[in-house]
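Every chain is numbered from 1 and lettered A, B, ... according to where its sequence line falls, protein lines coming before strand lines.
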Amino acid sequence: MTRTLITSALPYINGIKHLGNLVGSQLPADLYARYRRARGDEVMFVCATDEHGTPAELAAARAGQAVADYCAQMHEVQADLARRFGLSFDHFGRSSSPQNHRLTQHLAARLGAAGLIEVVEEEQVYSPADGRFLPDRYIEGTCPNCGYDKARGDQCEECTKQLEPTALIAPRSAISGATDLEVRKTRHLFLRQSALRDRLRDWITSKSDWPVLTTSIALKWLDDGDGLRDRGITRDLDWGIPAQFEGAPWEGMEGKVFYVWFDAPIEYISATAEWAEANGMSEKDWKRWWKTGEGAENVRYVQFMGKDNVPFHTLSFPATLMGSGEDWKLVDYIKSFNYLNYDGGQFSTSQGRGVFMDQALEILPADYWRWWLLSHAPENSDSEFTWENFQQSVNKDLADVLGNFVSRVTKFCRSRFGEEVPEGGENGPAEAALIAALAERLRAYEAHMDAIEIRKAASELRAIWVLGNEYLQEAAPWAAFKQDPARAAAIIRLALNLIRLYAVLSAPFIPEAAGRMLAAMQSADDSWPADVEAALQALAPGHGFRVPELLFAKISDEQREEWQQRFAGGRDA
RNA sequence: GGGCCUGUAGCUCAGUUGGUUAGAGCGGAGCGCUCAUAACGCUUUGGUCGCAGGUUCGAGUCCUGCCGGGCCUACCA
């Protein structure tokens, strides 16, 4: 049996994610996970909240909560939204878990023992008023280049010039506004990625099937300037995984924690360990996914992420695993995404611009969003959400093409034959042509899903739905019924079976609606069709069914305008 | 500044290693059907493939330059 390991980039803990975040990793990862399961793979699909770092501490402070409490609460909020969006994680973990503490410290110790970690002393800006060192971004001041008074310590957004925080005129803390900033010396652990440069390059260049977006970013980092730079993997923060621990091959790291980007990807592994523990399983059960000496050698590992995550997944995380000298499974395929824009601008968490996961579900069920987002996934370039486009796609694809097909078939049968699959008649040339067309499109659909070409897969699925309407038009059971009821029975028997088949094929995209279609057909057979003709005989004459409730409601112009208005002004408006 | 991606019908996008009259869906127009969520089907209308050069028997596809959009540039995550 094929075994597929799937991870989605970890959503950061500080708030509810917007639709751009969703379509950039978790949603396509779920699509693929559902598809691989349907094809019979043994699948391990893990995700988690990414809980460490400065923004989490600040968000907790704003909420007036202890960081640990804030994270615990936000984890539940995100887990609940994930469930309601149908994200079928085998486990949704937390990067703050004890498992991740243990594994992160273990890997760090291994890297230290291998001589891949060194202690570096550097100077950083410290804010006594805030009681913390400030990352460059959290220092504001006047740009020495253009005079913009809200330039950040890493870059001036006005003139785009890159800056050193010490170059700012009249620097102040972006957190408190305090101006009594001082430069202090501090010591940190650095991961000597540069020592692994050749191994990383060999590994990356061996991945000839990766998307350009993925490899070009990785190679840029490997070759830019003096080549891959070493990277600080500790921070002066309270909340995180302690960098000083028993068995650590270094000293003087008391009060420091690992950098969030060091421990976050390790959580992919730890989340699998959490899964095993939560299900009363043993270490062996999760290691067979991650240790090539313990079963993972025949696992195919696919990662999903936005393009901003690529350097960490192609370089620093592999460097961590390679450098440990242990037999950790490295990723086989990285699917990366561009950004989804919102109505002429960017989605923005900080400005509350766009539609957020909780708001989306207040308006419409998950499948509406899943379909639009996946069929417009920003695979090759940034794409844009507009309410007009959303309304048009949902109404045409889901309500008219698929929903109406289910409706016309079931209602016609109920009124002419009653609520069971009619018997009599037999397949003719029209049915043979339909089956041939379906078989061909199914092959194309599978090929696109196998290649994780999401938009192409979506358009192929839609074309499969359209085949049903074309067939009905040509076979015209309403006309046949008058002269030859047996002929009409054969047509409608096939059409009812088509509904079941569509449920199976559509489930990765629209799982909830697919479930209702299957339930209406009163069938538990959701097996992927090996043979189209056979699959279209699953519902035998006499098998009962129900006319389902409206599968997809159309979005009215009034609704569209109302939502457009409601989301025009930002989250709190 | 540097690197990468991108610019194809009104809109959203396909276009394999350069190869006959550039494709799809939506939208527009017309016709048909009447089972159905005024849904469905058929036909049809849309393009100097960002601009200018070049290579070639042949360029949407390769090269150069320019213009526009986007991302990244290592302490946000």
- prompt: What does R152(A) touch in the nucleic acid at a heavy-atom separation under 4.0 angstrom: a base, only the sugar-phosphate, or nothing?
  reply: nothing
task: Find which nucleotide of RNA chain B each of D400(A) and D397(A) is nearest to by heavy atoms, and output the residue with the more 5' nucleotide.
output: D397(A)
field: Among C75(B), A74(B), C13(B), the nucleotide that comes nearest once only the side chain of Q124(A) is considered
entry: C75(B)
- request: Report yes if a side-chain nitrogen or oxygen of N309(A) is closer than 4.0 Å to either non-bridging phosphate oxygen (OP1 or OP2) of C72(B); otherwise report no.
  value: no
field: W372(A) ring center within less than 6.0 Å of F385(A) ring center
entry: yes
message: Roughly how many Å apart are C67(B) and G25(B), using the C1' atom of each and rounding to a whole number?
response: 30 Å
field: Closest-nucleotide ordering on RNA chain B, the 5'-leading residue of L402(A) and E474(A)
entry: L402(A)
- prompt: Can we call the ring centroids of F133(A) and H188(A) under 6.0 Å apart?
  reply: no
- prompt: Hey, do the aromatic rings of W369(A) and F390(A) have their centres closer than 6.0 Å?
  reply: yes
message: Looking at Y339(A), I'd like to know whether one of its side-chain N or O atoms comes within less than 4.0 Å of OP1 or OP2 on C72(B).
response: yes
G7(B) versus C49(B) - spacing of their C1' atoms, nearest Å: 10 Å
field: Given G27(B), C13(B), C40(B), the nucleotide with the shortest approach to the side chain of S383(A)
entry: C13(B)
- line: Of the candidates A36(B), C4(B), A74(B), the side chain of S407(A) sits closest to A36(B)
query: Where the side chain of N404(A) is concerned, which of C40(B), G25(B), U12(B) is the nearest nucleotide?
result: C40(B)
- prompt: Nearest to the side chain of R408(A) - C40(B), C13(B), U37(B)?
  reply: C40(B)
